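One structure is given here, and the rest of the page talks about it.
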Amino acid sequence: MQFAELVQTYEKLAGTSKRLEMRKTLSELIRALRVEELPEVLYLSQGLLRPEYEGVELGVADSLARRALAQVSGVAEETVRRHVKESGDLGLTAEELLRSHPRSGGSTAGSVPEVYHVLREIAEASGDGSQERKIELLASLLGRAEPTEAKYIVRFVLGTLRLGVREMTILDALADAFAEGNKEGRKRIEAAFNVSSDLGVVAQTLARKGLDGLEEIRLTVGRPVRPMLAERAASLEDLLTRMEGKAAFEYKYDGLRLQAHLPEHGEPVLFSRRLERVSAQFPELLRELPKAIRRRPAIVEGECVSVDLDSGELQPFQEISRRRGRKYDLERMEEEVPVRFFLFDVLLDGDEEVMREDFPARRARLEKLVHPSGSDRVALATQQVADSAAAATQFFDQAIADGCEGVMGKSIAPGSSYRAGARGFWWIKYKREYTQALADTIDGVVVGAFAGRGRRAGRWGALLMAVYNPDADRFESFCKVGSGFDDETLAALPKRLNEFEVPAAPAEVLTGLVPDQWMRPSIVLELRGAELSLSPIHRAAVDAVRPGAGLALRFPRFTGKWRDDKKASDATTSAELLGLYRSQVRQSAPAEEAESPAG
Ligand code: AMP
């Protein structure tokens, strides 16, 4: 396919916010591609060069792109800068400048593989002179491109492509293209994605071998599996009922979830919950895991928690969060914030894929796999099987006393396999907060900000928060939160949020409020509140309880936890919020129409 054709599709996608239209456009695109082109195009359309977990970055800053553009269009860099100030988008500026300054030799950027190849080269240029090399490559590409192509090339290299093409929509389009849109087929495609985390691999397999071919997609060391997720219960009795009276209870550690991949030889690779490679942040685990794990290759999962190594006491989440995302001072942090990795699952045991085995079998494998005195940095998650509320409560109390945030109940019934990427009642979490008014904390996504008044004048005073609705692939507002921010956090908010500011309401945001500043859904914060009520303004789970009404959180409060480990689409979902509302209604009289005082 010619890049110019792909760009026509991008123009179509950019012109709509309707998911159905997007899905149709994408499935047409997928059908028109050759098998070899599929992965590249799917990555490119998401603004990526490779699957997200590989973390390949182009390393092109605004200034670098401006220089390349100035070179190609033959105008001064200052002119480019001024133009961008007006257009607000270097991509648009590129399009317009190239249109008004035609170049000799400028015709077309070439085929998709050709453009992709140059983009890869830009990403791979590193070390001395790499900036010059990147400019040279970009300028040569822009020099050939026609103006609309240039717009998308510039947006791509700057990471501002934002076609709104999200994974779930691509999966829909793949189902349309390869499974006639049928539901069962869609499920199998998503399952293959959950195991591989790579849309390129899934698409290519589908194109070559059809739906049945997906079975051949295997667990691979170095390629993360999308994590299995938990549901919640209102009480331990409720949890046990869901589990048919008996479950394995585990400590619910308050740390960072890690998936560790141990190749047969060589260093382990660590992935965060959002599937980023975080190996460099935990050098001690890279050293210690091979001592603790007896059989390789292996893929194991667990929670990494800060501990006092002398007493074994677990430290609060705030401690380990100091190690997250760090690039410098790694050695000092290793000493200041020692960690222990509590393993709770195994997916690959030697050459055996064990995801499909029931949980008791996997736990038995895990117990064999972990050398009890192999390393003081690696341990098994504390577990106990219980079949009465009394026994579960005793275990829960012990978990809290030991510094955990609650317990995880895990099904031990037939069928309790590892369900990658799925949230279900095979795992149920029960936290200490559940004893308070609202059953759980909510992980909300920032979609806007309101200017502060009084003491907060000149800063952000409150944030507009949304939950995620995966069915519609959109973010639905449920409160405006201004409480729980200390002065330091308030002062840091503008800097933390400014890269997400957008001039207009993002297409994927649904709300009845208009904030002073819209934000691209990206940052996730943990909130607590008094209760959920029906609201005419907020749109979370709108129409689910009553036509026209959404759900709102009353008296929302930031808990102080930035959930940097979650992507926007990992936030609490509208369906979960609805579940919380319903469990609350079941427990007491329904709270209705009382609009949140903050929103
Ligand atoms: P939440 O983030 O509140 O949805 O809770 C689920 C998270 O609890 C998982 O993603 C893990 O990071 C964490 N967790 C802590 N202990 C365990 C455990 N024993 N089993 C599974 N997940 C655990």
Side-chain angles (χ1 to χ4, degrees), residues 227-255 257 300-303 305 312 314 340-347 349 352 354-370 372 378-441 575-576 579-580 582-588:
M228 177 164 176
L229 303 169
E231 277 286 354
R232 36 167 85 86
S235 64
L236 287 168
E237 285 82 3
D238 183 22
L239 192 160
L240 272 170
T241 311
R242 290 261 181 198
M243 298 280 183
E244 289 168 18
K246 193 170 176 186
F249 286 86
E250 288 181 359
Y251 277 12
K252 184 173 190 307
Y253 299 92
D254 198 6
R257 183 171 187 164
V300 290
E301 251 199 331
E303 191 88 349
V305 193
L314 303 174
R340 184 166 289 155
F341 188 25
F342 291 95
L343 299 179
F344 55 69
D345 221 317
V346 51
L347 312 183
D349 177 8
E352 296 175 83
V354 298
M355 284 176 56
R356 293 204 172 98
E357 293 182 4
D358 288 341
F359 183 54
R362 300 203 305 284
R363 171 77 190 193
R365 281 183 181 274
L366 193 60
E367 287 172 10
K368 269 204 209 140
L369 198 60
V370 179
V378 182
L380 284 167
T382 301
Q383 188 194 79
Q384 187 186 310
V385 174
D387 58 4
S388 72
T393 305
Q394 205 176 22
F395 186 74
F396 173 81
D397 291 342
Q398 191 57 48
I400 299 295
D402 285 346
C404 292
E405 55 172 357
V407 292
M408 275 283 193
K410 297 188 176 177
S411 170
I412 49 176
S416 54
S417 59
Y418 187 92
R419 283 152 209 258
R423 188 183 297 284
F425 284 99
W426 300 95
W427 280 11
I428 305 180
K429 56 187 170 179
Y430 180 74
K431 291 202 224 173
R432 181 173 36 186
E433 294 98 40
Y434 293 13
T435 44
Q436 298 180 357
L438 183 66
D440 195 9
T441 54
E576 286 179 86
L580 282 174
R582 295 212 158 117
S583 68
Q584 174 187 286
V585 172
R586 254 184 267 124
Q587 282 167 21
S588 60

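Predicted, not measured: the structure shown is a model, and the values here were computed from it.
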Taking ring-ring contact (aromatic ring centres under 6.0 Å, His included) as the test, write out the residues that go with Tyr418, two or more places apart.
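Tyr418: no ring-ring contact (aromatic ring centres under 6.0 Å, His included) contacts found.
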
For Trp426, check ring-ring contact (aromatic ring centres under 6.0 Å, His included) against everything at least two apart and list the hits.
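Not a single residue meets the ring-ring contact (aromatic ring centres under 6.0 Å, His included) criterion with Trp426.
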
With a 3.5 Å cut-off and sequence neighbours excluded, list the donor-acceptor pairs that the side chains of residues 384-396 form with protein atoms.
residue, atom, partner, partner atom, Å
Ser388, OG, Ala391, N, 3.0
Thr393, OG1, Ala389, O, 2.6

Nearest heavy atoms of [X] and [Y], plus distance in Å:
| X | Y | value |
| --- | --- | --- |
| Leu240 | Lys246 | CD2-N, 3.9 Å |
| Pro227 | Glu301 | CB-OE2, 3.9 Å |
| Ala233 | Tyr430 | O-CD1, 3.6 Å |
| Ser235 | Asp238 | OG-N, 3.0 Å |

Mind jotting down which residue pairs meet the salt bridge (Lys or Arg N to Asp or Glu O under 4.0 Å) criterion with at least one end in residues 413-428? Sequence neighbours excluded, please.
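As it turns out, the salt bridge (Lys or Arg N to Asp or Glu O under 4.0 Å) pairs with a partner in residues 413-428, which skip direct neighbours, are Arg423-Glu576.
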
Can you name the residues that form a side chain to side chain donor-acceptor pair (under 3.5 Å) with Thr382, not counting sequence neighbours?
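Tyr253.
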
Set of side chain to side chain donor-acceptor pair (under 3.5 Å) partners for Glu303, sequence neighbours left out
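Once residues adjacent in sequence are excluded, Glu303 has no partner under the side chain to side chain donor-acceptor pair (under 3.5 Å) criterion.
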
Pairwise side-chain contact, [X] with [Y], heavy-atom cut-off 4.5 Å (strictly under):
| X | Y | result |
| --- | --- | --- |
| Leu347 | Val300 | no |
| Phe342 | Leu314 | yes |
| Ser417 | Met355 | no |
| Glu250 | Trp427 | no |
| Tyr251 | Asp402 | yes |
| Met408 | Ile428 | no |

Once salt bridge (charged side-chain N to carboxylate O under 4.0 Å, His left out) is applied, do any residues pair with Glu357, and if so which ones, sequence neighbours excluded?
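Only Arg365 meet the salt bridge (charged side-chain N to carboxylate O under 4.0 Å, His left out) criterion with Glu357.
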
Can you list the residues that meet the salt bridge (charged side-chain N to carboxylate O under 4.0 Å, His left out) rule with Arg340, with sequence neighbours excluded?
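Here no residue qualifies.
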
After noting the C-alpha distance and the side-chain angles of Leu236 and Val407, does the key distance pass the side chain to side chain contact (heavy atoms under 4.5 Å, CB included) rule?
CA-CA 9 Å; Leu236 287 168; Val407 292; 4.1 Å; yes

Once side-chain contact (heavy atoms from CB on, under 4.5 Å) is applied, do any residues pair with Asp254, and if so which ones, sequence neighbours excluded?
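Counting only residues at least two positions away or on another chain, Asp254 forms a side-chain contact (heavy atoms from CB on, under 4.5 Å) with Phe317, Glu405, Lys561.
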
Between Lys429 and Glu231, does any NZ, NE, NH1 or NH2 come within less than 4.0 Å of an OD or OE carboxylate oxygen?
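Not counted as a salt bridge, because no side-chain N and carboxylate O are separated by less than 4.0 Å.
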
So how far is it from [X] [atom1] to [Y] [atom2], rounded to the nearest 0.5 Å?
| X | Y | atom1 | atom2 | value |
| --- | --- | --- | --- | --- |
| Asp345 | Arg362 | CG | CZ | 4.0 Å |
| Ser416 | Arg363 | OG | CZ | 13.5 Å |
| Leu239 | Lys410 | CG | NZ | 12.0 Å |
| Gln383 | Phe249 | CD | CZ | 10.5 Å |
| Asp358 | Ile412 | CG | CD1 | 10.0 Å |

Can you confirm whether Glu244 is buried at CD, in the sense that more than 12 heavy atoms of other residues, nucleotides or ligands lie under 6.0 Å from that atom?
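Open.
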
Could you go through the side chain to side chain contact (heavy atoms under 4.5 Å, CB included) check for Leu380 and Glu367 one step at a time?
CA-CA 7 Å; Leu380 284 167; Glu367 287 172 10; 3.7 Å; yes

